[in-house]
Structures are given as C-alpha cells and as structure tokens.
Asks: 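Provided herewith is a single structure, encoded as structure tokens, for subsequent inquiry.
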2 protein chains.
Amino acid sequence: MTASPPPPMPRSRRSAGDRRTQLVQIGLELLPTTPIQELTIDAVAARAGISRSLLFHYFATKREYYTAVTRAAAEFMLEHLLPPPGAPQEDQVPGMLDRYVGWVEAFRESHLAFVRGAGGGDPWVAEVYEETRQRLVEVALTALQLPDDAPRRQLVLAWFAFAEDLVGSWADEPTLTREELLALLRDVLDRLVLRGR
Amino acid sequence: MTASPPPPMPRSRRSAGDRRTQLVQIGLELLPTTPIQELTIDAVAARAGISRSLLFHYFATKREYYTAVTRAAAEFMLEHLLPPPGAPQEDQVPGMLDRYVGWVEAFRESHLAFVRGAGGGDPWVAEVYEETRQRLVEVALTALQLPDDAPRRQLVLAWFAFAEDLVGSWADEPTLTREELLALLRDVLDRLVLRGR
DNA sequence: CGGCTTGCTGAGCAACGCTCAACAAGCTAC
DNA sequence: GTAGCTTGTTGAGCGTTGCTCAGCAAGCCG
C-alpha cells in the first residue's frame, strides 16, 4: 500500500533551507486533497523521501509544521491579492476584489481547504487566518481613505465573511455574471462602510 | 490527571437508549472546552464511567460519535431559533435574529465551537452545519414571503456568514447597541433580498 | 436451575506523534 | 590522505489513541 514511490532516489543531502522549503512545498501540494490536520507526518516524509525523524528535526511538532504550511499559503494569497505598488487609490479595492474572485476560480479547492482549515479547531491555524484577514482590512480601509476604527473594522471583517461565502457558492453555481457579482460586492461594502458618514 | 471523577458508581447496566443519550450529552458538555475533533474516546468513556469498547458498541467510529453530538447541538440551536407556532409573519425574521443574538450572548463558547468545528476539515460535521443553515434559510424566505430560488438562497446564506461574523465580534466588543446591531442586520438583509424586485 | 438476550469489559493490534542515540556526508586542516 | 569537525540524516522504540474481538455477566423467561 504505502510502498516505495521514490526508490531510485540516491538519498542526497540537502541544505537546511532547501529541506525546509521542500517540506513546506509538499505541504502546499497536499493541502488541496487533504484537510491540513489530517496530513500525516509519515505521508509527507515518504513523499519527500526522508525519514519521519528528519521532519521533526525541522519542525519540532506537527502543529508547527502545518502552521508553517498554512502561513505559506496565506502569504502566497496575499501577494496575489495586494494591489501593485503603482495602482491608483480608487482602483485598489475593486482590483483586489477582482483578483480575489479570480483566485477562488483558479484555486477553488486549495482555497476552500485554507478557509476551512482556518476554522478547524486549531487555534494556531486560526490565528494565521485572522492575521491575513486583518491585513486585508487594513489595506482596504486605507485604500478607501477611511479611518481604521473598531466599528468599521468589524463591519469590513464581517463583509469579508459575506464575500467569502458568496464567492464560494457563486463559483459552484454562477447565478450572476462575474460583473454583477463584483458590482454587488462593491455595493454592499460601500453601503456598509459609508454608514457612519 | 485523568483520574476517576465517578468512583462510587456501582457500574450499573443501562438501556441502549439511555446510554446513547448519556454519551451524546457528555459530548455536548465537553464541546465548549474541547474542539470536537480532539475529543478523545477515552475521555468520554471515562466521564461516562464505561470502557472505551462500549462507546464503540454504540458508535461504530469516532466520527459517527461526534457527528451525532454535532447534530444534537444543531438541533438544540434550531429549536431555540425557530419561531413559535403562533408567531405573526412579519415578526418571524426579527424574532429569529433577536433570539440568535441572545443565543450567541448566552452560549458564546459553545456556539463558537460549533461554528468553528463546522468548517474544521471533517466533511460529515460540515454537512450537519450546512443542513442547519439551509433549514434556517428556508424558514427565513417563507417568513419573508419570497420565492426560494437559487440566487436568493445564495444571498441569504452569504448574509448568514455576515451575521455570524458580525454578531460574534460584536459579542466580544460591542461597538453598537444591541438594537443598532439588530437594525443593521435586518437592513442589510432587506436590501439584499429585495434587490431583484 | 438452564438458557437466552444483550449490555459490557479487557486484552491487544495498528497507526501516529514524538524522542534519542548514533551514523555518515561533505568540508577543512594538517 | 587521513584526522576531525559540523550537521544532515536515520532506525529503533515509547506512549497515546482509534478500533477489534472473544468472552463475561446482568437481567429475564421457562
């Protein structure tokens, strides 16, 4: 069953950095198919062609490993979403929204795995997820030139939950055109955020 | 550590139904403190004063056990939220919303555990959660006397995500009065749902 | 008392997270 | 070239946990 997929591997020696990134990379590859918590150390090690022990050399605990993987996934997504340096103010939020929808369309399963995994019991993973959301809110509020106070932050965070859910189900069953979806999301955000004005 | 809390128990013999409900009950009690997936069979069995094996007699697998617990939690919440038989049409949605906020205020941790656990990797638990949301949407749409078509359903579901998130963070840090919160939620729902009219 | 159903247990297996002592690949120094 | 150091790497093994199975025993009937 769990036979030897990498048998001809002459078992080379790698630098510490290389191994770490290789292991995280493997985690990212496995993430779409496996709920991150159920990722077994054995499977990852086997796929990397190394012993279980070595993985524990790099990541003291299983949790430490998959939070590293989660963090890498989050970083990857953020890089994709954040507006490019020269983008004009008023295009930043629409741009991010557009790229977000594109992201979900492209990486549907992986993204779901990330979002789902976020809620999934483990506080460390949830924390990474929360950090990501917070950073996105900050960017959005500055782009909209709005003060970053607690009430507005709550609203925008909740709107994120709204957008995440809607885009997710829309990707499954597109009841709107892509443009209608984007317009709807923007509209709801505007109304929410301009409320106290 | 995991010593014997029920030592004077003369280990009585119970009916099948009794045991089942007792075990589910224990699960419900442990749910607020422990992410449901991490609930160990040993702990539950110990708390019930029975052997591991017996638990597997009633629930063939661990998953089967905690989905039963999750389902019980969902049922409990639904009973609390659904409008009483005689409620007038136009009060039903506001009433449910009001009770929902009350629910979160009262059972903050348990509820979070339920919602979080829902996303948490396990498809079976997610399914129970999804069923619950679907039922609530049905009730809401009939109460609002609106047709139950796919687009509207998606919108209301997404609005749920919005409400869940907002009420959750509001309970942590009430930046609005309770009435303002309720009004906001109702207003957003109305605008969303009347969109296509 | 014998026999039946059925709630219940203990021993034990396999998988998995994790530890630890030791090996060996690749480098530098003499 | 070989001695010696660093450090990437491993195998054996322990404790926990999900799960199985053969069999015990509590209550009931004839």
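Numbered from 1 within each chain, the chains take letters A, B, ... in sequence-line order.
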Asks: Round to a whole Å and report the spacing from CD of B/Q22 to P of C/dG7.
Replies: 14 Å
Asks: Take atom CG of A/L54 and atom P of C/dA25, then tell me their distance rounded to the nearest Å.
Replies: 15 Å
Asks: Please determine whether a side-chain nitrogen or oxygen atom of B/Y65 lies at a distance below 4.0 Å from atom OP1 or OP2 of D/dG18.
Replies: no
Asks: If only side-chain N and O atoms count, and only distance matters, is there a donor-acceptor pair under 3.5 Å linking A/Q134 with A/E138?
Replies: no
Asks: Would you say the side chain of B/T175 lies within less than 4.5 Å of the side chain of A/R152, judging by non-hydrogen atoms?
Replies: no
Asks: Roughly how many Å is it from NE2 in B/H57 to P in D/dA22, rounded to a whole number?
Replies: 16 Å
Asks: What is the distance, to the nearest angstrom, from the CZ atom on B/R20 to the C1' atom on C/dG7?
Replies: 15 Å
Asks: Could you tell me whether the side chain of A/R20 reaches within less than 4.5 Å of the side chain of A/F59, counting heavy atoms only?
Replies: yes
Asks: For C/dC8, does either OP1 or OP2 sit under 4.0 Å from a side-chain N or O belonging to B/R19?
Replies: yes
Asks: Mind checking whether A/W159 and A/L185 have side chains closer than 4.5 Å, heavy atoms only?
Replies: yes
Asks: In the structure I gave you, are the side-chain heavy atoms of A/L194 and A/L144 within less than 4.5 Å of one another anywhere?
Replies: no
Asks: Between P on D/dT10 and CG on A/L55, what's the gap in Å once rounded to a whole number?
Replies: 11 Å
Asks: What does the list of N/O pairs under 3.5 Å between the protein and nucleotides 14-17 of chain C look like, with a distance for each?
Replies:
residue	atom	partner	partner atom	Å
C/dG17	OP1	A/K62	NZ	3.0
C/dG17	OP2	A/I41	N	3.1

Asks: Would you say the side chain of A/D165 lies within less than 4.5 Å of the side chain of B/R133, judging by non-hydrogen atoms?
Replies: yes
Asks: State, to the nearest 10°, the angle formed by the axis through the first five base pairs of the helix from C/dC1-D/dG30 to C/dC30-D/dG1 and the axis through its last five.
Replies: 20°
Asks: When you measure from the side chain of A/Y58 to the backbone of A/G17, do you find a donor-acceptor pair of N or O atoms at a distance under 3.5 Å?
Replies: no
Asks: If you find the nucleotide of DNA chain C closest to B/S15 and the one closest to B/S53, which residue's nucleotide is nearer the 5' end?
Replies: B/S15
Asks: Of the listed nucleotides (C/dT19, C/dA25, C/dC8), which one gets closest to any side-chain atom of B/Y58?
Replies: C/dC8
Asks: Which atom pair, heavy atoms only, marks the closest approach of A/V139 to A/T142?
Replies: O-OG1, 3.1 Å
Asks: Please name the pair of heavy atoms, one in A/A48 and one in A/Q22, separated by the smallest distance, quoted to 0.1 Å.
Replies: O-NE2, 3.7 Å
Asks: Whole angstroms only, please: what is the CZ-P distance between A/F59 and C/dC18?
Replies: 13 Å
